[in-house]
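As structure tokens, the structure follows; a few thoughts come after it.
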Amino acid sequence: MSTSSRMASLRTRVAVVAASSVVVAGLGVGLGAAPAAADVHRGVSGCFAWSWGDGNSSVTVYWHNRCGNKRKLKIKYSLGWTYKNYTAVVKSDGKGHKRFQTASIVSIKDGGRA
């Protein structure tokens, strides 16, 4: 086999391997792809760091009291046509969460010392 035919054969093999890699990579994207993530809202109010993600049927709010004393966390949420309030007393460096069914979060505030 001449040098030029060996080089042509090698180029052909490299091209085939590269093309098959692209095809396999493209298939992997479709097979294990996760749905687009919902928006995550994060913020800080006084001593509290909080977050929640947009859900389909519920919203779970997570919080962390970063102060050295017990504090009140006030969450205002909407149930379509009405507003409701939820208050949690959270110890120093305490964490917690609350699930709200079919609700939209309106505001999250530090309610002061408990």
Side-chain angles (χ1 to χ4, degrees):
M1 188 180 246
S2 70
T3 305
S4 63
S5 64
R6 260 191 245 140
M7 289 303 288
S9 175
L10 181 60
R11 278 185 289 219
T12 303
R13 278 190 253 153
V14 168
V16 168
V17 169
S20 61
S21 300
V22 170
V23 169
V24 169
L27 288 175
V29 169
L31 294 176
D39 285 337
V40 175
H41 307 274
R42 299 177 195 278
V44 174
S45 177
C47 289
F48 288 99
W50 51 262
S51 68
W52 87 81
D54 293 332
N56 290 333
S57 61
S58 68
V59 175
T60 303
V61 177
Y62 298 89
W63 60 80
H64 176 211
N65 178 1
R66 302 181 305 170
C67 286
N69 52 44
K70 194 184 292 188
R71 308 287 291 186
K72 287 186 269 184
L73 175 70
K74 296 187 175 205
I75 301 173
K76 184 176 185 179
Y77 60 100
S78 168
L79 292 173
W81 60 90
T82 185
Y83 293 104
K84 299 222 176 207
N85 293 301
Y86 173 81
T87 302
V89 175
V90 185
K91 66 181 182 175
S92 170
D93 197 36
K95 296 179 181 180
H97 66 278
K98 171 70 176 162
R99 182 176 178 209
F100 298 95
Q101 194 68 30
T102 64
S104 299
I105 303 301
V106 175
S107 66
I108 299 175
K109 295 181 181 177
D110 184 342
R113 291 183 93 134

- Starting at OG1 of T60, measure out to NE2 of H97 and round the result to the nearest 0.5 Å.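 The OG1 atom of T60 sits 7.0 Å away from the NE2 atom of H97.
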
Under the rule for side-chain contact (heavy atoms from CB on, under 4.5 Å), what residues qualify as partners of [X], not counting sequence neighbours?
X: T87; answer: K72, K74
X: S92; answer: none
X: S51; answer: R42, Y62
X: H41; answer: D39, W50, W52, D54

- Query: Same cluster for F48 and V89 if Ile/Leu/Val/Met/Phe/Trp/Tyr side chains link at under 4.5 Å?
  - Reply: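 No: no chain of side-chain contacts under 4.5 Å links F48 to V89.
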
- Message: Tell me whether Y86 at atom OH has more than 12 heavy atoms from other residues, nucleotides or ligands lying less than 6.0 Å away.
- Response: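 It does: Y86 OH has more than 12 such atoms within range.
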
- N56 atom CG, over 12 foreign heavy atoms within 6.0 Å: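 No, because the 6.0 Å sphere around CG of N56 holds 12 heavy atoms or fewer from other groups.
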
- Task: State, to 0.1 Å, how close I108 and I105 come at their nearest heavy-atom pair, and which atoms those are.
- Result: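 Minimum heavy-atom contact is CG1-CG2, 4.0 Å.
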
Mind jotting down which residue pairs meet the disulfide (SG to SG under 2.5 Å) criterion with at least one end in [range]? Sequence neighbours excluded, please.
range: residues 55-105; result: C47-C67
range: residues 74-114; result: none
range: residues 74-114; result: none

- If you look only at pairs with a residue in residues 57-71, which of them pass as a salt bridge (Lys or Arg N to Asp or Glu O under 4.0 Å), with sequence neighbours excluded?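 As it turns out, the salt bridge (Lys or Arg N to Asp or Glu O under 4.0 Å) pairs with a partner in residues 57-71, which skip direct neighbours, are R71-D110.
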
- Could you list all the salt bridge (Lys or Arg N to Asp or Glu O under 4.0 Å) pairs where at least one residue sits in residues 81-108, not counting sequence neighbours?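 Found none.
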
- Query: For Y77, what residues pass the ring pair (Phe, Tyr, Trp, His ring centres under 6.0 Å) criterion, not counting sequence neighbours?
  - Reply: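 Once residues adjacent in sequence are excluded, the partners of Y77 under the ring pair (Phe, Tyr, Trp, His ring centres under 6.0 Å) criterion are F100.
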
